[in-house]
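Worth knowing before you read on, the calculation uses all heavy atoms, side chains too, and leaves out hydrogens, waters and symmetry mates. Computed from a predicted model, the values in this text were never measured in an experiment. Letters A, B, ... mirror the listed sequences (proteins, then strands); counts begin at 1.
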Amino acid sequence: MKIIGISAFYHDSSACLIDNGQIIAACQEERLTRIKHDSAFPAQSIKYCLEAAACKPEEIDCIVFYEKPFLKFERLLETYLAFVPRGFVSFSKALPLWLTEKLFQKKLLRDELRSLGFSETQCASILFSSHHLSHAASAFYPSPHNEALVLTMDGVGEWDTTTVYIGNSNKLQKIKELHFPHSLGLLYSAFTYYCGFKVNSGEYKLMGLAPFGKPIFAEKIKNHLIDIKSDGSFKLDMSYFDYCTGLKMTNSKFDRLFEFNRRNPEEEISQVHMDLAASIQFVLEEVVLKICKFLAQEYKIDNLCLAGGVALNCVGNGKIYEEKIFKNIWIQPAAGDAGGSLGAALAAHYLHFSKDRPKPFNDSMKGSYLGPQFSEEYIENFLKSKNIKYTKFTNTDLYSVICNYLSAEKVIGWFQGRMEFGPRALGNRSIIADARSSSMQKKLNLKIKFRESFRPFAPAILSESVNSWFKFSEASPYMLMVAQLQDDKKVLNAQPNALFGLDLLNQVRSSVPAITHVDYSARIQTVHEETNPKFYNLIKAFNALTGTPLLINTSFNIRGEPVVCTPEEAFRCFMGTDMDVLVLENFVLLKDDQDFNLKEDYRNKFSKD
Amino acid sequence: MSFIKEFTVFLLTRKKYWLVPLLLAMLLVGFLLVFSKGSAVAPFIYTVF
């Protein structure tokens with residue numbers, strides 16, 4: 001049975017295709033249209049999925065959409081009613097959008113699918129999952145667990161903002177829910193907005209900024225903005241927020257509470273913004289930990305699965321791990337709305353069609369390498385057509401050559417195999433570099449990624465070495481866990497308190513300073529031979545050369561750009577930045593060898609996120 | 001037509017009968033907004049819809 005899942009019309013559209021429960025392909029539309037967070041109908045992703053599965057539209061047995069538009073509309077109307085007469089401005093913007101487009105999503109889906117070659121019968125029987133069921137299904141069914149508690153937290157779906165499910169074999173039963181407007185995701189987004197970052201993309205920045213500050217506003221947040229109960233359930237005081245009725249996240253009462261106005265995006269980041277980031281991160285962790293402790297105690301289930309945008313807060317995930325509340329934690333790599341397409345398809349397979357889950361239960365995400373790939377023939381044709389200079393190596397020679405470049409502090413674009421599904425680059429569309437270099441973080445941020453200097457980088461480490469470098473001994477294949485560096489890898493500073501704020505960046509804290517954040521933490525990706533042998537062998541060769549089993553791994557893109565998908569995009573990014581070497585499968589391109597007429601102004605092509 | 005049928009089924013399933021008169025009034029205002037403005041593009045900082 002072949003099922004297509006679709007997520008669209010909100011943000012981060014995507015499509016996926018499963019065959020008898022096995023995930024065949026999944027892709028986020030932004031990677032193909034090159035429009036960041038593209039919310040349009042994912043026509044190109046669907047075409048790709050069909051191609052990857054080598055099947056025609058008529059072979060698809062079922063099409064599932066990831067949420068219920070009518071329920072969302074109901075929430076919208078009831079919210080406006082609850083706040084009437086406030087909210088007229090927002091109402092006057094929202095209603096036309098809904099009455100002309102969004103309310104008729106079934107027709108829109110039908111029309112788009114028909115133009116892709118799907119039949120009238122297929123289009124007439126589209127299924128609609130619900131937003132959080134899609135998240136929960138995407139977290140539970142691909143996990144290696146027969147039984148698990150599934151926690152989903154995000155901004156908002158239809159009504160739900162936080163849900164708890166129990167997954168057992170092929171069943172998934174909702175047991176708890178919290179409703180809009182009380183949302184942990186939107187609370188975090190409110191602070192993202194208040195600190196001058198873009199909502200829905202700046203949350204990572206706020207999380208990265210948190211270790212530079214102190215949580216001095218945490219009590220204020222808990223006393224005024226959020227009422228947290230002992231089981232972790234919470235209620236927001238909506239008089240501080242504007243998102244129900246206005247077009248902003250926070251209001252003037254919020255400004256008065258923190259005694260300053262919202263930071264302008266171009267304004268310099270000051271200590272107060274870092275303290276705010278630290279404070280909201282502290283509160284978020286408190287809520288998540290309370291929920292987890294309560295659930296573990298109440299239901300006595302050892303396994304936890306996570307999805308929803310809040311599950312991308314890897315610092316929070318690391319805290320759940322540290323507290324040892326559950327024996328195992330599994331997090332969906334596409335935890336945001338893009339993963340909804342996958343969850344919707346899996347929910348249809350196991351819940352609607354009541355299919356059994358195949359045993360033994362293994363992580364069935366295939367390392368999240370579910371996107372398009374390009375053959376060596378395709379790449380070589382492209383290189384020849386543009387007169388690009390390259391050298392082709394065998395695998396063994398490739399590892400040796402690239403490791404020498406890495407240890408000479410060269411920055412490498414590493415393009416291999418199938419593109420990742422989810423926001424993280426996991427070694428197939430990555431920029432890699434030597435983490436031992438003390439100047440690498442600044443170089444990568446300012447000259448390659450063109451982004452803020454405080455943004456941290458993550459290490460990709462051989463799975464068997466993780467415990468000797470970090471206080472972490474599990475698998476973290478999707479880079480969604482933060483852990484502390486082992487003490488023997490730290491460089492103790494003579495004056496630990498002499499610097500504060502962004503000046504902390506100038507301290508060398510460990511033997512791998514480029515991936516050590518100011519609080520000695522790192523967002524870990526464990527690299528496994530079974531899921532990515534080429535990346536694994538490269539790091540292994542680097543370890544043999546240097547004694548360091550890890551590399552910096554950051555996504556292959558610049559600020560505001562979707563991660564590259566094709567060899568052409570990888571080459572453009574390589575030529576438009578200060579990257580030194582590009583590896584396209586086994587073809588190695590050196591910047592110094594290239595014709596500089598092929599260079600284009602890259603930096604200003606994408607609007608800043 | 002199928003939309004009206006589906007939406008009616010939705011309201012019956014959700015038992016949101018009390019929403020019907022309010023819905024009609026709001027839809028009327030909404031349609032007025034649509035036809036008076038012509039554009040449905042919303043330049044939002046962030047939307048919850």
**OP:** Kindly assign one of parallel, tilted or perpendicular to the pair A:Phe70 and B:Phe3, based on the angle between their ring planes and the thresholds 30° and 60°.
**Re:** perpendicular
**OP:** Identify, with sequence neighbours excluded, every residue that meets ring-ring contact (aromatic ring centres under 6.0 Å, His included) alongside A:Tyr188.
**Re:**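 For A:Tyr188 there are no ring-ring contact (aromatic ring centres under 6.0 Å, His included) partners, ignoring immediate neighbours.
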Original post:
Among A:Lys107, A:Lys106, A:Glu74, who wins on heavy-atom pairs under 4.5 Å with chain B?
Top reply: A:Glu74
Original post:
Please, which pairs that meet salt bridge (Lys or Arg N to Asp or Glu O under 4.0 Å) have at least one residue in residues 118-130 of chain A, sequence neighbours excluded?
Top reply: A:Arg114-A:Glu120
Original post:
At a heavy-atom separation under 4.5 Å, does B:Phe10 approach chain A through its side chain, its backbone, both, or neither?
Top reply: side chain
Subject >> Atom pair CZ/CD of A:Phe104 and B:Glu6 - distance to nearest 0.5 Å >> reply: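 Going from the CZ atom of A:Phe104 to the CD atom of B:Glu6 covers 11.0 Å.
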